Amino acid sequence: MSSDRPAPGASPRWIRWPDGRPRIGFGGDYTPEQWPREVWKEDVRLMQEAGVNLVNVAIFGWSLIEPADGVYDFATFDEVLDLLHTAGIAVDLATATASPPAWLVTAHPEILPVGRTGTVLGFGGRQSWCPSSPVYREHAVRLTEKVAEHYAGHPALALWHVSNELGCHNALCYCDVSAAAFRRWLERRYGDIDSLNEAWGTQFWSQRYTSFEQIMPPRLAPSFTNPTQQLDFARFSSAELQAQLVAERDVLRRITPDVPVTTNFMVMNGIRDMDYAAWAREVDLVSNDHYLREGDPEPQIELAFSADLTRGLAGGRPWMLMEQSTSAVNWGHVNRPKAPGELRRNSLAQVARGADAISYFQWRQSRAGAEKYHSAMVPHAGADSRVFREVAGLGADLERLEPLVGTTVSSDVAVLFDWDSWWASELDSHPSQDFRYREVALDWYSTLWRRGIAVDVVPASTPLDGYRLVVVPALYLVTDAVADSIDAYVRRGGTVLVTYFSGIVDEHDHVRTGGYPGAFRDLLGIRVEEFAPLRAAETAGLSDGTEASRWSEDVVAVSAEPVLTYTTGTYAAQPAVTRRTVESGVAWYTSTALGDGSREAIVDRLVADAGVTPVASADRGLELMRRTGPQGSFLFAVNHSGEPLTLEVTGHSLLTDQPVGPRATVAPGDVLVIRESA
Ligand code: GLA
Ligand code: GLA
């Protein structure tokens, strides 16, 4: 299934373990530059005690490595890398370009990023650079070259870490340098100004351009700025950062062709500026940072969604969880520690979903700086602490899981995910400002998660034939090619569920007219004339007795069968959910956000239509996932509840080294990993 599908262009390379022995990577960001030498010795001893085998070094190392323009000093990191290597700990070494030093910003203040209102974002935080700045690019590439030349052949070097969380703070820059780069990007995209005028619909509001030189980034304007201008600026901004990734990567590949290259993506709630479907093709291995959503009552579901999307970006192959927190973060409003056992469940759930390396921000909690209240593997309290004991416990667990290294997850269900749709669907001047793209995907994902069904979250352009069921959440912007691929998939026997606000516009954000959802109208056998989004507390009654929320539409079933109808409001008696058999496949549509119970009943019918079964027969609430490979089949069961939960499985528990079956009990908060009997 999906795991056999190679990611386009990506090479299947993995962490180069110095001794060649495959293992699950375990460690964190290591910042010895913040500590005196005596502490380094203790660090290494504690790393060994905790089973750490890989640390991420020099991420914010620029000002130390290059203290003045063109002057290099590697002494600190030389000593650190040697020390780590002697202790058998491998290094994921950063290019150190994430944050430019004060001397560079002082000499070239034009590299500072500028916000939408024209405000220059000053030095003193991090990532103080404009993604289009040639001055920054030149200095960063030169530093990458020096670092690569210096550490080429170092026995500890197992992986390259380009920059750090590219675009975390500086993704959208509106300065004059960005404006000029945006114009060049648009010229390459459209060729001539008339094509741009057509794509941007500039007959509207007298926006016609006669030259590319007149074009600006979508800076704060007296009213809504042109939506296609905003969309293209989002595409451009992602592409500029991707070009930075590629520039550093190319240097690394030239100097150390044997060392794989990664950069940490941020597939998590709240970050949407980087089109990782495009970026994933540029790296040797996909790695991700994941932090839990503040106040989420079931953060394990969003974690699973992000992990399944990361695996989707990796083309189904193993990936690395680069960063997460052991306990509290410091950047939320009120930052609460994780509960006992939560760091273990979070990490093992990532392994269940295909991660072969688990790492944290950061190894030792800082004493100074803006992240001193962010948890770490070694907290302020020291090694005599619950967190460190849990970290060491996890290290031991990961060692016990070594038999499954390299195995992959396979799934019969795909949820499509698309950055263009995300950007375009959340633009201003829309039917509702409350619309949230990721929320629509998570709704359906969470129901599948609760049913114990394995899901791949994949880019919309992914070939669909290996899947039995495809969920298309709010695919607002859709190209003809993607619409055709979904249509053909259904006709060949696939089952699809399309949600509201899908198929509405083409790649230029122009509406597909003749009735919504333009691109999928015929496939779904429906026609919609008007959207009627619901206000925050408003609901719409449905014929199954449940209440729907967020959205409604005046659906007319042309050739589809109504499954649920509205019972209240203007659209009472009109269809809310429809189903249509199309040749040998089935196409479902939902025009509203169903409540949990209703969604669950629809999922029952969807999986029946598609012939999809849960990962295992188990009590509700147990998180289930299976990894398989030549070495066998490994079933994960994570119990996030306060009650013991059971499942049917026979085999051997890797974490407790005991036979299990035919029924196993997972204690409250515990995790089972079972090598299944053949
Ligand atoms: C990001 C960064 C780290 C650190 C953590 C804190 O993931 O990459 O340097 O700031 O956030 O959560
Ligand atoms: C005003 C303007 C119109 C249009 C409408 C939309 O009346 O004059 O051009 O923007 O608002 O409500």
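Whatever order the structure lists them in is the order used to number ligands and atoms, beginning at 1. This structure is a prediction, so every number in the text was calculated from the model and none was measured.
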What are the distances between nitrogen or oxygen atoms of ligand 1 and protein nitrogen or oxygen atoms, counting only those under 3.5 Å?
unit_1: ligand 1; atom_1: 7 (O); unit_2: E165; atom_2: OE1; d: 3.2
unit_1: ligand 1; atom_1: 7 (O); unit_2: E165; atom_2: OE2; d: 2.5
unit_1: ligand 1; atom_1: 7 (O); unit_2: Y291; atom_2: OH; d: 3.4
unit_1: ligand 1; atom_1: 7 (O); unit_2: E323; atom_2: OE1; d: 2.2
unit_1: ligand 1; atom_1: 8 (O); unit_2: N164; atom_2: ND2; d: 2.8
unit_1: ligand 1; atom_1: 8 (O); unit_2: E165; atom_2: OE1; d: 3.1
unit_1: ligand 1; atom_1: 8 (O); unit_2: E165; atom_2: OE2; d: 3.4
unit_1: ligand 1; atom_1: 8 (O); unit_2: E323; atom_2: OE1; d: 3.1
unit_1: ligand 1; atom_1: 8 (O); unit_2: E323; atom_2: OE2; d: 2.7
unit_1: ligand 1; atom_1: 9 (O); unit_2: R126; atom_2: NH1; d: 3.0
unit_1: ligand 1; atom_1: 10 (O); unit_2: R126; atom_2: NH1; d: 3.1
unit_1: ligand 1; atom_1: 10 (O); unit_2: R126; atom_2: NH2; d: 2.9
unit_1: ligand 1; atom_1: 10 (O); unit_2: E371; atom_2: OE1; d: 3.2
unit_1: ligand 1; atom_1: 10 (O); unit_2: E371; atom_2: OE2; d: 2.3
unit_1: ligand 1; atom_1: 12 (O); unit_2: Y291; atom_2: OH; d: 3.4
unit_1: ligand 1; atom_1: 12 (O); unit_2: W331; atom_2: NE1; d: 2.7
unit_1: ligand 1; atom_1: 12 (O); unit_2: H374; atom_2: NE2; d: 2.6

Would you call R249-E282 a salt bridge at under 4.0 Å N-O?
yes

Whether D397 and R344 form a salt bridge (side-chain N of Lys/Arg under 4.0 Å from carboxylate O of Asp/Glu) is what I want to check.
yes

In terms of side-chain geometry, is the basic nitrogen of R235 or D275 positioned less than 4.0 Å from the acidic oxygen of its partner?
no

If you apply the rule side-chain hydrogen bond (donor to acceptor under 3.5 Å, both in side chains), what do you find for N264 with N164, and how did you get there?
CA-CA 6 Å; N264 42 350; N164 188 61; 2.8 Å; yes

Apply side-chain contact (heavy atoms from CB on, under 4.5 Å) to P340 and list each qualifying residue two or more places apart in sequence or on a separate chain.
R386, E390

Carboxylate-amine/guanidinium contact R535 D434, below 4.0 Å:
no

